[in-house]
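Below is one structure, written out as structure tokens; the observations come after it.
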Amino acid sequence: MLVETIKKEHFKIAAGDIICVASKICSIAEGNIVDLSQVAPSSVAKRIHQCIPRKDARLIQVIIDQTADPSGSKLEISGNHIGAWLPNGLFLTSGGVDKGKNNTAIILPQNCDLTAKRINNAFYQELGIETSVIITDSDGRIDKKGANQIAVGLYGLNGLRINKEAGTAETLCDLLAAAGGLVMGQRGINIPLACIHGLEYDQNIDSGIGDTVN
């Protein structure tokens, strides 16, 4: 889908460019859609729903399922917001779960690094261009009113940029995801891909999102 759109729109991509791709379009392409009518909320989900009535108990159950911990201990509740720790170490608003159309929920790809690699391979096979890919997702903070865009998967680059002299590290993949978010926008904008051109960075096909988490 992305390759055909790139060809149709004559979208310019060069070797070494960093491609930010929205996780939602990846989830839809991979069939990561949950039919909420088939979800039976647990007592844990029902209890959280009583605290946050705006959240469908079935959607809460899907969030719990993403943590792989049915006890709900991987959730953090703050006011009307739910954050969740995923098995790969990421902490995401609603565990990366979005409410979809027609009584559905959209969950993240099972392995966002692998999804990024597949997109990279498709670009190389179809376009003859070697890029790096970052899978992005919107994320909120309890101390901020708006949402930001962060990396949830990557391929072809080091997610961290290390300053050896100062002994500090930057989460480069998140900086790039946020930069992509300037044009990709949030829900309703519907721009699933952004290209970052001209950045010097460490290419690394063995690095993954797991290298960026504590």
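Positions are given from 1 along the sequence.
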Q. Would one find more than 12 heavy atoms of other residues, nucleotides or ligands at under 6.0 Å from atom CG of Asn163?
A. yes
Q: Tell me, yes or no, whether the heavy-atom count around Asp143 atom CG, taken from other residues, nucleotides or ligands under 6.0 Å, exceeds 12.
A: yes
Please report the shortest heavy-atom distance between [X] and [Y], naming the atom on each side.
{"X": "Ile129", "Y": "Ala15", "answer": "CG2-N, 3.6 Å"}
{"X": "Met184", "Y": "Ala22", "answer": "CE-N, 3.5 Å"}
{"X": "Gly159", "Y": "Leu154", "answer": "CA-CD2, 3.8 Å"}
{"X": "Pro87", "Y": "Thr67", "answer": "CG-O, 3.8 Å"}

(Q) Let's go through Ile18 and Ile134 carefully: what are the C-alpha distance in whole Å and the side-chain angles of both, what is the deciding distance for side chain to side chain contact (heavy atoms under 4.5 Å, CB included) to 0.1 Å, and is it a yes or a no? (A) CA-CA 7 Å; Ile18 301 165; Ile134 296 175; 3.8 Å; yes
Do the non-hydrogen side-chain atoms of [X] and [Y] ever get within less than 4.5 Å of each other?
{"X": "Ile135", "Y": "Val133", "value": "yes"}
{"X": "Phe11", "Y": "Thr5", "value": "no"}
{"X": "Leu90", "Y": "Val152", "value": "yes"}
{"X": "Val21", "Y": "Cys26", "value": "yes"}
{"X": "Ile13", "Y": "Thr131", "value": "yes"}

**Q.** Arg58 backbone acceptor or donor facing Asp56 side chain under 3.5 Å
**A.** yes
State, without any angle test, whether [X] and [Y] hold a side-chain donor-acceptor pair at a distance under 3.5 Å.
{"X": "Asp139", "Y": "Thr93", "result": "yes"}
{"X": "Lys99", "Y": "Thr104", "result": "no"}
{"X": "Ser42", "Y": "Gln61", "result": "yes"}
{"X": "Ser132", "Y": "Tyr201", "result": "yes"}

Q: Show which residues join Ile142 in its hydrophobic cluster (side-chain heavy-atom contacts under 4.5 Å, direct or indirect), or state none.
A: none
Q) Under a single-linkage rule joining Ile, Leu, Val, Met, Phe, Trp and Tyr whose side-chain heavy atoms are separated by less than 4.5 Å, which residues share a cluster with Ile60? A) Val34, Leu36, Val39, Val44, Ile48, Ile52, Leu59, Val62, Ile63, Ile64, Leu75, Ile77, Ile82, Val97, Ile107
Working to the nearest 0.5 angstrom, can you tell me the gap between [X] [atom1] and [Y] [atom2]?
{"X": "Leu127", "Y": "Gln125", "atom1": "CG", "atom2": "CD", "answer": "10.5 Å"}
{"X": "Asn88", "Y": "Gln110", "atom1": "CG", "atom2": "CD", "answer": "12.0 Å"}
{"X": "Asn120", "Y": "Leu157", "atom1": "CG", "atom2": "CG", "answer": "10.5 Å"}
{"X": "Ile19", "Y": "His197", "atom1": "CD1", "atom2": "NE2", "answer": "11.0 Å"}
{"X": "Ile28", "Y": "Met1", "atom1": "CD1", "atom2": "CE", "answer": "8.0 Å"}

Q.
When you group the ILVMFWY residues by side-chain heavy-atom contacts below 4.5 Å and let the links chain together, are Ile6 and Tyr155 in the same group?
A. no
Q: Group every Ile, Leu, Val, Met, Phe, Trp and Tyr by side-chain heavy-atom contacts under 4.5 Å, then state whether Leu114 and Leu108 land in the same group.
A: no
If a pair satisfies salt bridge (Lys or Arg N to Asp or Glu O under 4.0 Å) and one of its residues is in [range], list it, with sequence neighbours excluded.
{"range": "residues 202-214", "result": "none"}
{"range": "residues 104-125", "result": "none"}
{"range": "residues 4-21", "result": "Lys7-Glu126"}

Among residues at least two apart in sequence or on other chains, which ones pass side-chain contact (heavy atoms from CB on, under 4.5 Å) with [X]?
{"X": "Ser71", "value": "Asp69, Ser73"}
{"X": "Ser27", "value": "Asn32, Ile106, Pro109"}
{"X": "His10", "value": "none"}
{"X": "Tyr124", "value": "Glu130"}

Kindly list each side-chain donor-acceptor pair under 3.5 angstrom involving residues 167-183, sequence neighbours excluded, with atom names and distances?
{"unit_1": "Glu170", "atom_1": "OE1", "unit_2": "Arg161", "atom_2": "NE", "d": "2.8"}
{"unit_1": "Glu170", "atom_1": "OE1", "unit_2": "Arg161", "atom_2": "NH2", "d": "2.9"}
{"unit_1": "Asp174", "atom_1": "OD1", "unit_2": "Ala151", "atom_2": "N", "d": "2.9"}

Q: Give me the one residue out of Lys55, Gln66, His81 that meets side chain to side chain donor-acceptor pair (under 3.5 Å) with Ser94.
A: Lys55
Q | Selection residues 45-72 - residue pairs positive for ring-ring contact (aromatic ring centres under 6.0 Å, His included), sequence neighbours left out | A | none
Q | Pairs satisfying ring-ring contact (aromatic ring centres under 6.0 Å, His included), at least one member in residues 86-115, at least two apart | A | Trp85-Phe91
